[in-house]
Every structure is written in structure tokens, then in C-alpha cells.
Amino acid sequence: MSSELVIGAVKAIVVLLLVLNLTALLLWFERKGSALMQDRVGANRAAILGVGRRLGLPNLGLVNTLVADSLKLFTKEDFVPAGADRFLHALAPFLALFPVLVTFAVVPLGDVIRLGGRTVELQAAPLNAAVLYLLATLGLGVYGVALGGWASNNRWALLGGIRASAQMLSYEIAMGLGILSMVMTYGTLDLQAMCRAQGGVWLGWLPRWGIFIQPLAFVLLLVAGIAESKRVPFDLPEGESELVAGYFTEYSGGKQAVFMFTDFAEVVLVAVLLTLFFFGGWQVPYLYSDGFHLPGGFLLALPQAAVALLGVVAFFVKTLVFCCFQLLVRWVMPRMRYDQLMRLGWKGLLPLGLINVVATACVVVLAGGVG
Amino acid sequence: MSPGVLAAVQFSWLAVLPLGIVALAAVAVLLAGARAGQDQGEALGWFSAAALAAAALPVLASLGRSRLAFDGTVAVDAYSVYFELVILFASAMTVLISLRYVAEMGLAPGEYYALVLFAALGMMLMAAADDLILIFLGLETMSLAVYALAGFARRQARSAEAALKYFLLGAFSTGFLLYGIALIYGAAGTLKLEPLRAALAAGTDHRTLLLCGVGLVLIGFAFKVAAVPFHMWTPDAYEGAPTPIAGFMAVGVKLASFAAFLRVFGLHLGALAPTWTAVVWVVAALTMTAGNLIALAQQSLKRMLAYSAIAHAGYLLVGMAAGSNEAAGAILYYLLGYAFTNLGAFAVVVALERRGVEHESIADLRGLGARAPGLSAALALLLLSLTGMPPLAGFVGKLYLFKAALDSGLVWLVVIAVLNSVVSAYYYLRVLVAVYMQEGGVAVAPLAARPALLVAVGAAVLGTVLIGVFPAPYVAAAGAALRSALSLSSPGPLALIAR
Amino acid sequence: MPAWLFTFVAVLAVLGALGVILQRNPVHSLLALVLVLSLIAVLFIALGAVALGFLQAIVYVGAIMVLFLFVIWLLNLETEPREGGRLLVKLAAAVLAAMLAAELAALAWRAAPGGAAAAGALHQGANYGSMAALAKVLMGEYLLAFEVTSVLLLAAVVGAVALARKDPGAGPQSSTPGRLEPPLR
Amino acid sequence: MEGYLLTALVFSPLVGALFVLVPEDERGVWRAASLFSLVPLGLGIYLFVLFRPHEAGYQFVERYPWITRFGIYYELGVDGLSLFLVLLTTLLVALSMIYSAGGDIEQRAREFCFYLLVLEAGLLGALLALDLFLFYIFWEVMLVPMYFLIGIWGHGRKLYAAFKFILFTMLGSALMLVAILYLVGAAQSSLGRLSFELPVLYGARLTPGQARWLFAGFAVAFAVKVPIWPLHTWLPDAHTEAPTAGSVILAGVMLKMGTYGFLRFAIPLFPRVAIEATPLFMALAVIGIIYGALVAMVQPDLKRLVAYSSVSHLGFVMLGIFALDVQGVEGALYQMLNHGISTGSLFLLVGMLYLRRHTREISEFGGLWQSLPRWAAVFMVIMLSSIGLPGLNGFVGEFLILLGTFFKLRVAAVLAVLGVVLGALYMLWAYERVSFGAITREANRGLADLSPRELLVMVPMLVLVVVMGLYPGPFLRRMEPSVEVLLGRVRAARLELAQPVVKPQLSLAAQAPLRGKQVR
Amino acid sequence: MVAPSYYLALSALLFGIGVVGVLVRRNAIVIFMSIEVMLNAANLAFVALGAEAGSVEGQAFVFFVLTVAAAEAAVGLAILIAVFRNRETVNADELTLLRW
């Protein structure tokens, strides 16, 4: 009993650390990547005693992002505007971060591994209603930004909060519909089972990934996901040119860091979801439990531990790719207007999602069910 | 999921078709209304009325049957046919009354009629449901549509306010209803009414829980039928709501609520009758007395009709308190007459209203007898029926009801009831005084020669007279409806209430 | 759910409910309500109704409460001044209702099937609270009810839109410019 | 024709009421209304001719099932109790219609005629119905038209009077409705079948307690209508404020519905209770007689005086009814007719006066004998009939009543005689102040005397006053069999009551020895 | 393991608190929130009693209640907005066009 508890705790901490580190990495990528795309240098000033330069290394800005900025953020004055609701003002950032982080608990990082006769699921919380859990926690995410905006006693902040919550609520529906089609396709609410179902190939060469049977759902989830994380082109809640910084205008220091953190954690989450639903999660193409079965009948045998490890690596690679994709979108898309945003959500994605669900249902029933 | 699951359900077209027709019509009206302009509103109204009439056909087709469908959640019996027909009629009348009003007041016709149809669907479901879940859903479908309709004239502060009060108190009562259902479920272990009756007949170990639940459900229903002390919403809601909707609330909501009330309490909780009839006795006495006494003081016609509706709920509760087969038949019959009479009265009020000139107070009606003899005569007849003047529908209904109550030994309750109807004569006649015996008032010719309105008023008057003078077929129909509902469960006792 | 955890959740839920009715700022009331609803979701899961617990969180916490929040903002509700007048009536109402609650609780505690003492196992099947079990009922015996909910929702949407829609030619009173003010305290 | 005679009688006014709506102008309305008011009168006379005088039971019975589930029949019939009231109704309606056409009703003639004819239908229906349900319907139907008659064409505080009238009456009839329903239920358990038919219900066995309550229910309704003192307060208002035709019908026929109700329903249905309640009702009747007379005496308003005299006269009727013997009941029936004729005439005469002077204050008149000789002469005859001058109709009724009462309860008879004296006093005094002496007011000079139309209305009354005073035989002969049947039921009940088991304390003989024993 | 009766007692308490809230508060939206507390108390009772009996019917009912609650919230809040547009208040004591 206690060892299971320990394993559970370890898994939770591992997942948490992974997400946090990934987030920090994304922060760096965003700064440096954007500089690269815009043909400028980007963060490059801070260095530790000039060691890197002396060694002749290019300044990657890692010190800026990972050390200097963090130090600055956490040592800055925690400013609360006059007339703000102090309690909610303090609570809001954590209310925003918490649901995103706990969502990762149900994400399967890989297949089971066997350690000393014990089977360990590479999933912090193996839950057979994981999709419902996912939707529930996603729903909670609204409160942080909404209350943050409201509690600041600032018009821009309030407007940002309202925009954020309306936007998240609207796109949650499209997202839910996308996820629903996947649930119907695989006939399960269990994410691990969904990943397992994506193993193997069609026609001898095409991986059985979700993207190939539910392309529309992928589009839905991608768009809605970006909107959920309030990033360009859906970054109206924090549109600098209109609202200063939207709902976190009045935040500074550590609390602002938490908000920023939430932002990137959401990016990771969206990437994870896309990976899980449409790109086989930890499935590596042609890799089975005993090794690679390449098209054409070639078999490349691998030990079980290596297969598991490959799965985890594959998962991270896919996630990273989608993370980067999301960051890249920022520099190629203009910001939408608010009415365009709403129109896209309600008149574009929602009908598409409904059509997709109905079509899926028809196919599922005609095919005699999935179970 | 396999298709086998669906096949296992006892599907019944007869149960679904009427609801389906109404729902489809609602969607069609909604879509058409989005495109149509204000001037096509009347066409939408006529279409809605036609759809309601069409829905009556499958209802009639299930006459003579008496069985349960959808795994015992819906009853296909004469009882539901009876109520569904009356509900369809009341809804169609509401639509006809509304035609002119909607145009005159500049309301959105598509949404208006769609909501009326949705409400009608909810009411029909309440009448047919044999399961607490379905009753609840029907109740909510009806209520939500009616909440919205009550506040439909949203440019008027009063309308929105009426909707708010109606909504808050309605939702409050829903809470009681739900908790009560939960406790009954806990005690009996089922939500379906037939097994519930069987379970009660077999006796339960959880009598306390059951009685608590019954009490709370009673509160919930008391709210819906506007029984004192849960009547506070009624006058405000009626006064603020668009007038045709006030009539719809007074008739349709009451019909459906009593249909479910009677089915749940009379038919299925009959084993507990001695406990709840005592409560209903008190509630009935309070309801009629308070309704009538407060109605005396009203200056507004709609408000007066609202209090009179409360009083009539009181009379109907006398029948519930009597708790016999005979009384149940009387309730059915009374509701029929009440539907015709009250809708007619509201139709007349609608005929007098127009934008800017609302015949609000009774004093506005002064001299109407000379300006609009036909309409005044109709109003007089309908009000006399509400008073209980023979040989109109209201009289025979009361007679039947009181007779049944006397047979159950509720002499004092009946005495209270008849004294109340004397009190009620005062305020009904006060209207006639204004119409016929006083001069002045607002010099506006009524909206005469509106075919729909005239049809509605004519139908109401004709019905009121016909049901009153030749009650035999309707009494027989009410009786048949009850027998049909009673015979649903072939085993078990056939008596409505062990009394 | 172990007893200590239940006690903790229950106490928290009651405190939350009290918060709903005692907080003078509607947003704080709302947050208290969110807490209560989430705890009830937890209790659902503890009772084996796993799917329902999540549904509760999704529908109530994720959607309905956000709608409430929106409306509070739209209405620009401020902290209520201390409510004066009719204090006696309110007190009486409160006492009465509290008595009702106490009585109900006492009754429920003693009269519930199983009783207070029988803390035995619940008679639940293997997949008692699963989505599949729930779906079987919804698509089976309650098929009609399930279909009716679609009508119900449609009616609600139509009603809500009809009521809250802005009039095209509405006067100035319906949309005062500068309505949206941050709460002033 | 005979098979449907009663139906034709009841519904001909209704048909007339519909026809009244047709004509374009007011003259046409009056003509149609007058014609149609003569139809029931003609049918009534035809009925009188065909009526078989020596038959005790109901005649011309029509019986069709109506609401079989409740044992309700459309059942009409006539007997000696109702025959003359039917005739009186048709006569008074026709006369007041003709009178009203002569200028009494100045506005909304169409509605007036409509209501009057509907009222007639209600009155005739209530008199002829043999089914309690049907009876109740007609009983209520007559309220509404009367309410409108008072409320629209009345004078002074007409709305107040109309409301008082209808609420008092409805209060009574509502209780009667409960009693009817209870009675039917009780009869169902004792007879084994559900029926609203009067002949069936006569046979119901009731416990004394039930019977007492039910009797009370019926009695309150009828007592309000009569009206018995202290339930009379609506009457002076209603009579005074009503238009002349309304007063005539109200006093002439409607009050009789109360006394008729006692004779047809309350007493035969519950004879034992009626016997027990005799002292009470006799006391109330005597109070009514004396009270009515005393109050009438001090009235400054002529119409109000006549109204209070009605209270007094109806007291006589009640006295006769509760004498419960042949003389008393027949006298009461006869007095009902008398009162209808004489009081109806008095109201007509007051109305004629009002038309000319627009006042009814007695002090405003004086010496009318000079300016209105014909009016004064007619008034004289009618007034003498009202105070019961031998040779005129009033005497026969009062004499029979006093005779019947005398055998029953001497004190009551003696007090009632006092009432007769008082009646003569206030009537003659009023007449003196109005007609005799010199003309004191200029306005009273040069008034137009009775017009031919008015004479036409009054002549039938005068003829009846004389005929019924000199030749009561044909009337009494037709009443007697039915009265005997009624009293037969009372006698049977009295025999039952005499059994000491039922009510030992009533019999002094049974108690006396007991007391004696204790003393010893 | 905790017996369902404890859950039931808790639900009764919550229900009572909701009722008190409806009766005591004058702000319409807070009244509405109190009503939601009542509904949820009923839901808890359903699930607790259903768990005891091992029947899914109670859960089905809660599912429907959730649906209804969502619909009710939409309509109710729309009404609130309509009222506010007209009157600039949702305080029940100030809504006096119609008498309470």
C-alpha cells in the first residue's frame, strides 16, 4: 500500500517537474525564437561572469530567461492596486495555474513499464474517466483570469478578464465537441486506452493515428486549444495595444510570474492533448512491444525497457513539436477582432463540431459500434 | 454501444408523435420567424394553431388504449388523452388570442409562438408522464418557456419584473419538489410511479422519509398550482405578463400541474391519502378564502383575474382533499370548464388592449356595454360562469366538485367553499357594474372584427354554455379518463384512494 | 471515503454554503458557491458516481457558474449595503428555515435506508458509477426523457435570447454608455 | 301541445328575449316585448283551464333524462301550490311590461325587455321544476336579470341596492346548494340510487341530525328570499331603488319564491324538523309583522312604506305556513296571491306618481284626490285590499291565516291581529296624507290623470281584487288537494314524533310522573 | 466508508441553508445562487440514496437536474438582465412596480 503511495507521489512530482521545466524551456524558446524569426538578436545581455563569452560560445540568452528574469520577477514588489479585492487578487493567479497543472495528472507519458515484477503505469493518476476529468479541469481554468481581472479594480483588467472568460467558455464548447468525437471514435473515456488504440497500422504502412480518421476534430482542437490558451491570434484578453496587458495589467512580481507560467503550461497542455488524441500519444510508428515492425515485413527487435523508453521519448518529441508550432503561430498571425473571434467560435467551429459529432455517430453506428 | 439498447425500449409512436409534431412545429416557427418580418407574424400564429390541432390527431388515435410505454415512464391512456386535448386546445386558444396582440405590441412572433409551443409540449408531457423524472422534465420545459413568455414584453419594466418574480419563486419551488422526489426515491427505491405504488402497497420501512418527501413534493406542487401560502407570485406574474400569456398561465399551467398532481398524489400515493388529504384540506380552505378576499380589493382587471385563479385552485384542491374517484372526475371536469371560461375572459381583456391603451383597471371598462355590446355580453357570461351561475360550466363544475367532497364527508370545507363563491360574486359582478351600469371609461372601440380573436371568444362562450348545459358527455369523458389511468396497473387495487 | 476526509469535506461544504448566503459581495458568494459545487462533485465521486461527479464539475462549475459571474459583472453589482428593515421577519424566516434544515437532517440521518449505524459497503455493481452505466439508463428506459432535454434546452435558449437580446431600436435606457465600471469599494 | 305545455311556458319568454334583440327601433322593441309577455300569460290561462282541480299530484309532468350519471332529470310539473303563482307571474310580467312601455323606462329599452323576459323564464322555471338541480338553476338564473334591472334602471343608490340584493340571496342559495348536494348524497345511501328528483327525495330517510342541518340550509335560502326578519334588510333598499317594473316583480313574485320554497321543499322534505321549528318561525313571523308595520309607519318615502309593508305581509304568509294546518296553509297561499296583486299594484301606482312628480316623499303630496281623481280611486281600492277589508281579496287570506294560527298558537294569532290593526293604521294614514286635504304644493296642481295605458294595466288588478275577495272558491278548490298531500306528510311526521322514544322531553306527560316520584 | 445517511444529513443541511438564503437575501442573483444550493443538496440526496440502493436511476435524475439547472440559469439570468435594463437594480425590495 505504502509503496504504491510512494510510486504515486513520485509520478506526480515527476510529471509536475517535467511540465515546469518544459514551461521554462518554452519561455526561452519564445524569446529567442521570436528574435530569430524577426532577424534580431533577442535576449543576450545577461551572462554569468562572462564565462560563456570567454569560452567563445554564442550567447543563447539562457541566463537571461532562466536566471535573471526569474530573479527579477520574484524579488519585485508585490503591488496591489488601491481598492482591489486583496484576497481575490492574491488568489487569482493560483486559481489559474492550479487546474492546468492538475490536468497533467491523467496524461499517459508512456506505456506501462515493469519494474521488479511491478507494473507501473506511466500516468500519474490512472483514471478511466480521464476525458471527463480533463474537461472538468479545463472548465475550472476560467476562474483565475476572470477573477484576476475583476479583483484588480482596473477597467482594462476587468475587460481583459471578461474577454478571457467569454472566449474560454465559447471555445470550450468547440473543444468539447472535438474531444467528444474522439471519445466516440475510440469508445472510451480512458486516455491510456485511447493511446493504445492508436497503435498499429492501416494498409500496412499508415500509423493508426487519430489525425487520419478525425482530421476535422484535429482542426477543431488545435484552434480551440490555441484560443483556450489565449495566444495569438486569440490573445485579445491581453491585447497590449488595447488593454495594456489585460487581466494581469495590475499584477507584478511573483503573481505575474504565475500567470505567465499558466500561459505556457496551457501551451504544453494543448500540445499534449493534440499528441494524445491525434498523434498516438506515446506510440511510435511501427513500434510494437517487441520492437519495430517496419512496412515490408522487417522486424527490429528491442528490449521491453527500450520500447517503453522510446515511447516516452516519442511523446515528448511530439509534444515539443506542437509546443513550438504554437509559438511559431504567434509570429505569423495577426490578432483577430473580438467579433471575429466570437463569430469564428460560434458560427464556425461550433457547427463544424456538431457536424463532426453527428457524422462520427453515424459512422460508429453503421460500423456496428466500436466496442 | 450497440443498437440493441435502443431496441429494448418499448417504443411508442402514439406517445411520441404528438410531442414530436409540437416540437417540430416549434422549430419551424422559430426558423421561419427569424426570416419573417413583423407582418408575417399572423401567418406564424395560424401555423402554430394548425400544428397544435394536428397534434391532436395522434392524441386521439391513442384513445381506448391503456398501457405504459418507454419502460413504464409514459402512460398512453385516456387520462393523458383527456388532458393533452384540453392542453392543446388551451394552447391553440392562446395562440389565437395572441395573433393581434403580438403584432400590436411589437413582440417577436417567431420566438413567441415557438415558446408557446414548447410550453405546450412540456404540459403534455406532464399529463402523460408516469415517472417522476419525466414529470419533472415536463414541468421544467413548461416553466422555462412560460418564464420567458412572462417577461416577453421586455421593454416594459413590469413584464420583466413579473418574469423575475415568477422565475425566482418557481425555481425555489423546484428545489422543494426535487428534494421531495429524492426522499421518495430513497424510501421507495424507484422513480417510476407504477412500481412506486406497488412499493407503497407492499409497505415501506422508511415511512418517515417517505412522508417528508411527500410533504416537500406537496409544497412544490402547491407553488405550481398557486395555492396559499405559496401563491405570492401569481398576481404579479399575471399582471406583468403579456395578457394572452397570463391566460395561458392561468389555464395551461394549472391544467398540467393538476394533471401531474392528481396522477402522483391521487393515483399513486393513494395509500398515504389520510396523511396528505388533511394538509390539502387546510391548504384548500386557505387558498379559496385568501384568493377571494384579496380579489375583492383589486382595481386591476388582470390582477383580479389572478386572484380569482388562486381561488379556483382552492376549489380544485377541495377535490384533492376529498380524494375519491368521484372527486378526481370532478377535478377533470372542472378544469375543462375552467379552461374555456378563463381563456375566454382573458381573450376579452386582450380584445380591449392595444399599445398605449391597456384596459388595466376595472374602472376603464365603464360604459363598455354600450360601446361593445357583443364583447360585453361575452364577458358577462364568462364572469358569471366563473362566479358559478347556472347553467354555465363553472356552476356544474363546482356542483360536481362539492358533491364529491360532500360524499367524502368534507361538509365544512364545502360550506367554506360555497361561502367563498358568494364572496367571489361580489368582485365578478363589480366588473359587470362597470361595464353596464356606469358611464365614462376609456373611449376606445375594441378590436372588433379580428377573426382570430372572435373565434377564440366565440369558442370560449360556446364551450362555457355547452359544457354547462349538457355536461353528460364531458363528465363521462372525465370518468373514462380516470378509469383508463386506474387500469394501467392490472394487478393492485383499482380504487383511486383507499378511503 | 474515509470518515475524517468526509468530515472535512462536509464541514467545508457547510461553511461554503453559509458563505453563499452570508457574503455581502456577490462575487464572494459566487466563489463560495463554486466551492460547494466542487465539494459536492467530490462527494459524488466518493459515493461511486464518478462520471456524474465530473459532469457536475463540468456543467456547474465550468459553465453555469461562469454565466453567473458574467451576469454579476454585467449588472455591475456592488457590495450590498447592510440590509436594514424587516430584520425581524428575516430573523424569523432564518430561524424557521434553520429548524426545517435541522429537522430534515435529523430525520434523514435516522430514517435513511441503512441507518446511521450501518456503515457497511454500498451495494454497487462493478461499473456502478461509470459513464457506460449511466448511458445505458439514459439511452434505455429514460430515452424519451433524454430526448426531451433537447427540447428543454432549445426552449431555454430561445427564451434566454428573446429576453436578453438588445433591441435594435431600443432607447438609451437599455444601453447606457460607460455601463461597465469596475467595482468600487 | 299539452305534453309540452310547461316547457313552452318556461321557454316562451326566453324566445321572446331573443326576439327582442331583433327590432331596429325602440318602439319595435316595446311592441315585440309586450307581445311576447302576453304569450306566457295566454299559456298560463290555458294551463288554468286544462288544470284538473281535484287531482292532488303533479300535472302536465314532463320528464326527460338530462345528466343520467347524477340522476338529474329535466322534470317539470304543476300542482295546486304552484298553479296560481305561475299565473300571477305571467300576469305581473305582462302588466309591468305594458306599463314600462308607457315611458317609465327611458333608456336602453332593449336590454330592459331582455332582462325582464329572462327573469320571467327563471321565475316560471323555479316554480315548475320538480328536479332539485333544475330548480336550483332557475333559482339562480332569476338573480342576474333582477340584479341588472335594479343596477341599470334603478334610482338613487341603485348599485348598493343591487349588490345587497344579490349577495344576500346568493349567500342563502349557496348554503341551499350544499344542503341539496348533501341531501342527494344522504338519499343515495338510504335509497340506493342517485337522484335529484323531488318525488324521489321525499322518500329519503334521514337521521334527525342530518335533517335539522339540511332544513337549516334550505330555510336560510328561503328565509332570505321571503324575507323573514332579521334577514330582511336587503328588501327595503332593493324595492325602493328598483324601477317600478322591478319592484312589481320583486314584491309580486320573487318574494313568493321564498314562501313557495318552504311549501315545496323545506317542509315536505323535512316535516319533522318543520314541526320542531314551528315556534321559532312563528315567533319570527310575528316579529316581522309588527316590526314591518311599525317601521312602515314612520317612512317618509311612499315606496319605502310599501316595501316595509311587504315585510309585514310576508310575515302573515309565514305565520300561515307554519300553522301547518289546512286553513293556515291555504290562507298563506291565498295571501301570497293577494300580496302579489295588491303590493304589485301599489308599486305601479307609486311609480305612476313618481313619473309625474319625480319624488316619492309623502310630505310632497296632499290633496291628490282633486288633481288625480282616477288615480286616487284606484289607490283607495288597492289599499283597502292590502289592509284586508272584508269583501276584498286581502280579507280572505288574512282571515284564513288567523284562523289556522289561532288553533295552533293563540298568542301568535293575537299578536298578528295587532299587526292587522297597525297595517290599517299606517296605510290609511299614508293615504290621508297623500290624497286628502287641500293641495299644498303648486306642483301637484294640474297633473295629468291616469292614461288609458295605465288604466289598462290597473283594471285587471282591480277585477282580481274584487273577484278574489268575493269568490275565493275556485282558487281554494284547486289548492286544496295539494295542500292536503303536503299536510299528510306533516301529519305522518307528527305521529312519528309523538313516539316518546324520539324526543321524550317534548312530552310533558312522560316527564311529570318522573318528577313526582323524585319529590315523593 | 461513510454511510449514505451522513451524506443525506449533509444534504439536508445544505438544503436548509439554501432555503434560508432565499428567504433572507434581497439580491435576486444571490437568491438564485441560494436556489442552486438547494438543487445541489437535492442532487446529493439523490446520489446518496441511489448509492445505497445500488440503482442508477438516482444518477440519471441528477443528470437531468444538471441539464435543467443549466437551462434554468440561462433563462433566469436573461430575465435578470432584462430587469436590470429596465430598472437598474435587481434588489427585490426595490422592484416595486408590482407589489410583492
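Proteins come first, then strands; the chains are lettered A, B, ... in the order of their sequence lines, and each starts at number 1.
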Under 4.5 Å heavy-atom distance to chain E, tell me which part of [X] shows up: side chain, backbone, both or neither.
| X | result |
| --- | --- |
| C:Ala17 | both |
| C:Ala51 | neither |
| C:Val59 | side chain |
| C:Leu67 | both |
| C:Leu22 | backbone |

Option that, when pairs with chain C are counted at under 4.5 Å, heavy atom only, ranks first among [options]:
| options | result |
| --- | --- |
| E:Ala41, E:Ala74, E:Gly18 | E:Ala74 |
| E:Leu44, E:Val75, E:Val47, E:Asn43 | E:Val47 |
| E:Ile79, E:Val19, E:Val37, E:Leu66 | E:Leu66 |

Would you check if [X] and [Y] make a side-chain contact, meaning some heavy-atom pair closer than 4.5 Å?
| X | Y | result |
| --- | --- | --- |
| C:Tyr60 | E:Leu39 | yes |
| C:Gln56 | E:Asn40 | yes |
| E:Leu10 | C:Val9 | no |
| E:Met33 | C:Ile72 | yes |

Once you round to the nearest 0.5 Å, how far does [atom1] of [X] lie from [atom2] of [Y]?
| X | Y | atom1 | atom2 | value |
| --- | --- | --- | --- | --- |
| C:Leu33 | E:Phe32 | CG | CZ | 10.5 Å |
| E:Tyr7 | C:Leu43 | OH | CG | 6.0 Å |
| E:Leu77 | C:Leu163 | CG | CG | 11.0 Å |
| C:Leu18 | E:Leu14 | CG | CG | 9.0 Å |
| C:Met65 | E:Glu36 | CE | CD | 5.0 Å |

*Got a sec, which residues hit ring-ring contact (aromatic ring centres under 6.0 Å, His included) with C:Phe44, two or more places apart in sequence or on another chain?*
none
_So, using ring-ring contact (aromatic ring centres under 6.0 Å, His included) as the criterion, who are the partners of C:Phe54 when residues are at least two apart?_
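ring-ring contact (aromatic ring centres under 6.0 Å, His included) check on C:Phe54 returns A:Tyr133.
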*Which heavy atom of C:Ala164 sits nearest a heavy atom of E:Ala78, and at what distance?*
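Scanning both residues, the minimum pair turns out to be CB-CB, 3.8 Å.
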*Would you name the heavy atoms of C:Leu134 and E:Ala60 that are closest together and state the gap between them?*
CD1-N, 3.9 Å
So which of [options] has the biggest tally of heavy-atom pairs under 4.5 Å with chain E?
| options | answer |
| --- | --- |
| C:Val157, C:Val36, C:Val14 | C:Val14 |
| C:Leu138, C:Leu153, C:Val137 | C:Leu138 |
| C:Gly159, C:Ala145, C:Ala155 | C:Ala145 |

*Apply the side-chain contact (heavy atoms from CB on, under 4.5 Å) test between E:Thr67 and each candidate in C:Thr149, C:Leu55, C:Val148; give the one that qualifies.*
C:Thr149
*asked:* Which atoms of E:Val22 are under 4.5 Å from chain C, going by heavy atoms: the side chain, the backbone, both sets, or neither?
replied: neither
*Take the angle between the ring planes of E:Phe63 and C:Phe146 and call it parallel below 30°, perpendicular above 60°, tilted in between.*
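E:Phe63 vs C:Phe146 ring planes: parallel.
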*Output field: ring centroids C:Tyr142/E:Phe61 closer than 6.0 Å*: no
*So C:Leu52 and E:Phe46, side chain to side chain contact (heavy atoms under 4.5 Å, CB included) or not? Walk me through it.*
CA-CA 12 Å; C:Leu52 206 60; E:Phe46 267 117; over 6 Å; no
